[in-house]
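Taking it in order: structure first as structure tokens, then the write-up.
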Amino acid sequence: MHCLTSISLPKTPRLAFLDGLRLLLITLLLTCSFSALADAWLDGDPNAIWQRAPGVYKEGNTWYAIVHTQATDTNVKLYGDFTNGQSGAVSMTRTPDGKFWWFKGTDSSFARAPAHGDGYRFLLTRGGQQQSFQDPAARWVTHSNLTSGMSKIYLSDAYQWSSSNWQRPDQNELNIYQLHPLRFTDRNGGSPLAEVLEELNDNGSNDYLSDLGATAIQLLPVNEFAGELSWGYNPSFFYAVESSYGGPDALKAVVDEAHKQGMAVILDLEFNHLGIGDNILYTMNNATYADGDTVWGPLYNFNNDVAKHFLIQNVLYLAREYRIDGFRFDHTNTIHNNNSGYITQAGDGGGWDFLRELYGNIKTEDPNIWFTAEELPDWWGLTADNTGSTVAGSSHAPMDSQWTDTFHDNFKSVLTGGHLDNLWPVFGHFGDGWQDATVYSESHDEVGNTDDRIAKRGRDGKGWEMNQLSLTGTVLARGTPMIFMGQEGGESTQFHIDWWDDRLPLNDYENDAGRQKVLAWYKKMNEIRGADLQSFASADSLVTHIHNNNGVAAFSRDGGKYVVVMNFGPTTWYNYDVGISGTYLEVANTSWSQYNLGGVPVASRGEGVANAISNVHIPAYGAVVLARASTSAAVNFTCNNGTTSWGQNVYVVGNIPQLGSWDTNSAVQLSATSYPTWTGTVNNLPANTSIEWKCIKRDVGAVVWQGGANNSVTTPSSGAVNSTGSF
């Protein structure tokens, strides 16, 4: 703002001059006052500060700097490479409520225009001493060390996206592969995110992720954390991407490539506590950001408007800047439940309202951004469709889905030797809708905090076989499936916490004869699910059979459209009744050679062959997946040379129920309109099915069969085909 500082007045008598001067000065003071009032607020709007994210960033041609400090801090300035250091530091303005310091300017506001990668810090006076701080909302940092680290200018358009047509998927499309960026692979070289990128890019070499058939990758936390070896649940800078992982553009490259491959990206966020190392928020103002304590570090202050603003804007930033498709929130019970066993000193609450404000704000941004929670134990109020009140425009509870402890604990117990009755609650329903459950049999916690890989602890020492069963039940269960890296390759090594750097041997997964079969089975399960997303995500799920002594369990999906049978024991079963009947195709069977571990006897009615069944063949320590055969195909039958005597007619009889299952009394009669050639069409046959049949002549008593070998025909996927036999 600029006010008039020199005044030129006409020569007038003294009194008139003084009156005129008084009026002019009053006018100028009012004008300056109103102008100052307008400019005293960011964007001229007293609420605008709350609509913007904290940090230092550029939008269009405008630079913004917004930071919260302690109430007694004064003389806050921004300095960096673009201000000639502290000598050219730019002064910031305090909001009247004292909650923020802000600056708004252009490139010309600095000694030179800030460039991508420039270092910067904040300078302020605290307790009579000048101190320097990193930016709590820095988008990029050299490293997390609060004393020696520098925040770095991040220009959004420095990365050029190539997946411009990506649409965030619906929840029923999600089939999640959870991975740790650093420890996912032992090949490729480069930064961890660059190594992940190589497995995504489908370039003909090391395309592990693009070949899996999963539709989403979920990354353990990538926010800047203390040190370089960590699971990521010790956040230092919530807006910055871990520098040792490759920084912000490396994450964008992974998201970009994933989207080009049709895969969503989900980030894991740690909001239930602050890190205990390099904790910038606690250092900047612990009274604002921390309130209480947990076993992992200070409890976040969910009842403070500045603290809530920081995290809500953080998630909005990640969704917008990185085009993230969903977020997983660590141990949400600690956020909304002040009586959580992990809280050692309670704060003043507010976590439930915070979660609801967060959910409403993000869903306003894009309703398809997906929220899932690690609640543990299950509490379905967290994912309720209607809470009875509206917060931030939404009456939905603050999560779309939650990690389902009931599924994991009970399924894992059976996979490692427990009673099969524990499966009754596993393959049923959870919450008030299918979308409430994220189902899994391994996660970073479950195989990291304890040495509990299924491949290591599988029942009867059959670790890899139990891996196959775990993948069957997880991928084909009702809800949103998730597996943890290595589960698909029969990994038995514990996922050690934080200070380890052991990595998955992906070459071994792809080349070892046994691991190949576990991996191939996972891909087959993904293929089956992907071919009918609606049936497997949201349709009905019903346990049809459990027999602990026999080791067999079965469940159906979508009213029996699919039947999944699992054998947890050493007996190969033939003609075993699991409570289903009809015409079914075998779409997967672990005793087929490409999946068979240990040379178990083949127990199958044939790959892709439709059979009318009332029982199933089940391989030892294995699984069978059946799909009800389509009945959209037809066959035009012709029987030549069908000369008959009085009372005789010509029929077709065959090996499927629609042709009588070789029962001549149930054969299908043909028409003699072109006698002695008999013809007829049989509709509603199973599609893509090999059929054997013959012509017969029949009256009330005797049956005359066509001679020679059986006729054969394979039905089409739809429509009709012709098949001819002859007497």
Side-chain angles (χ1 to χ4, degrees), residues 42 49 52-57 63-105 109-112 114 117-154 223-227 234-240 243 273-291 293 297-298 300-301 304-307 309-311 313-314:
L42 189 66
I49 197 87
R52 290 199 166 276
V56 177
Y57 52 91
W63 282 97
Y64 296 94
I66 299 172
V67 65
H68 171 79
T69 70
Q70 293 182 8
T72 55
D73 291 341
T74 59
N75 198 29
V76 177
K77 297 179 180 181
L78 169 66
Y79 76 92
D81 296 336
F82 45 90
T83 65
N84 294 324
Q86 295 185 12
S87 64
V90 175
S91 295
M92 300 177 67
T93 303
R94 192 171 208 157
T95 55
D97 61 11
K99 294 182 177 180
F100 295 99
W101 292 82
W102 64 272
F103 165 83
K104 178 183 175 184
S109 303
F110 308 98
R112 66 163 174 79
D118 276 353
Y120 72 92
R121 291 175 72 98
F122 289 114
L123 196 65
L124 57 82
T125 301
R126 175 175 292 181
Q129 294 185 337
Q130 194 174 65
Q131 298 185 38
S132 171
F133 293 88
Q134 280 219 57
D135 180 0
R139 275 59 170 162
W140 193 8
V141 297
T142 55
H143 51 78
S144 65
N145 187 283
L146 302 187
T147 302
S148 61
M150 293 292 288
S151 301
K152 298 171 71 175
I153 294 294
Y154 184 72
N223 47 254
E224 184 74 26
F225 49 76
N234 53 331
S236 295
F237 291 83
F238 288 81
Y239 287 72
S243 51
H273 73 279
L274 298 171
I276 56 175
D278 297 342
N279 188 336
I280 183 62
L281 292 180
Y282 196 89
T283 303
M284 184 60 80
N285 190 358
N286 66 305
T288 292
Y289 295 108
D291 181 27
D293 209 355
Y300 201 83
N301 188 358
N304 180 280
D305 54 356
V306 172
H309 172 264
F310 185 89
L311 292 187
Q313 289 294 327
N314 176 224

Could you check if a side-chain atom of Gln313 sits within less than 4.5 angstrom of a side-chain atom of Pro54, using non-hydrogen atoms only? yes
Does OH belonging to Tyr64 count more than 12 external heavy atoms closer than 6.0 Å? yes
Distance (rounded to the nearest 0.5 Å) between Asn145 CG and Ile280 CD1: 10.5 Å
Return yes if some donor-acceptor pair links the side-chain N/O of Thr142 with the main-chain N/O of Met150 below 3.5 Å, else return no. yes
How about Phe100 and His309: do any of their side-chain heavy atoms sit closer than 4.5 Å? yes
Pairs touching residues 275-289 that satisfy salt bridge (charged side-chain N to carboxylate O under 4.0 Å, His left out), sequence neighbours left out: none
Residues in salt bridge (Lys or Arg N to Asp or Glu O under 4.0 Å) contact with Asp305, at least two apart in sequence or another chain: Lys99
Nearest atoms (heavy-atom pairs only) where Ala138 meets Val141: CB-CG1, 3.7 Å
With rounding to the nearest 0.5 angstrom, report the CZ to OG1 distance, Arg94 to Thr74. 8.0 Å
Measure the spacing between CE of Met284 and CD of Gln131 and express it to the nearest 0.5 Å. 10.0 Å
For Asp291, does its backbone N or O pair with a side-chain atom of Asn301 as donor and acceptor, under 3.5 Å? no
All side chain to side chain contact (heavy atoms under 4.5 Å, CB included) counterparts of Asn314, not counting sequence neighbours: Phe238, Tyr239, Phe271, Leu318
Please name all residues satisfying side-chain hydrogen bond (donor to acceptor under 3.5 Å, both in side chains) with Thr83, sequence neighbours left out, ordered by chain then number. none
If the plane angle is over 60° it's perpendicular, under 30° parallel, otherwise tilted; pick one for Tyr120 and Phe82. tilted
Under 4.5 Å between any side-chain heavy atoms of Phe122 and Trp101, yes or no? no
Minimal heavy-atom distance between Ala65 and Val56, with the atoms involved, is CB-CG2, 3.9 Å
For the student: nearest non-hydrogen atoms of Pro114 and Ile153, plus distance: CB-CG1, 4.3 Å
If the condition is salt bridge (Lys or Arg N to Asp or Glu O under 4.0 Å), which residues does Arg121 pass it with, not counting sequence neighbours? none
Please name the pair of heavy atoms, one in Gly55 and one in Arg139, separated by the smallest distance, quoted to 0.1 Å. CA-NH1, 3.7 Å
Evaluate side chain to side chain contact (heavy atoms under 4.5 Å, CB included) for Asp81 paired with Phe110, printing each intermediate quantity in order. CA-CA 10 Å; Asp81 296 336; Phe110 308 98; over 6 Å; no
Closest heavy-atom contact between His143 and Ser148? CE1-OG, 3.1 Å
Any idea which heavy atoms bring Ser236 and Gly277 closest together, and the distance? OG-O, 3.2 Å
How about Ser144 and Phe237: do any of their side-chain heavy atoms sit closer than 4.5 Å? yes
Please tell me if the side chains of Phe310 and Asn304 come closer than 4.5 Å, counting only heavy atoms from C-beta onward. no
Measure the OG-CH2 distance between Ser243 and Trp140 for me, rounded to the nearest 0.5 Å. 10.5 Å
Got a second to check how far Leu78's CG is from Leu123's CG, nearest 0.5 Å? 10.0 Å
Report yes if some heavy atom in the side chain of Ile276 is under 4.5 Å from a heavy atom in the side chain of Pro298; otherwise report no. yes
Side-chain contact, heavy-atom cut-off 4.5 Å: Tyr289 with Val306? yes
Excluding sequence neighbours, so at least two apart, what forms salt bridge (Lys or Arg N to Asp or Glu O under 4.0 Å) with Lys104? Asp43
Nearest 0.5 Å please: distance from the OG1 atom of Thr288 over to the OH atom of Tyr300. 9.5 Å
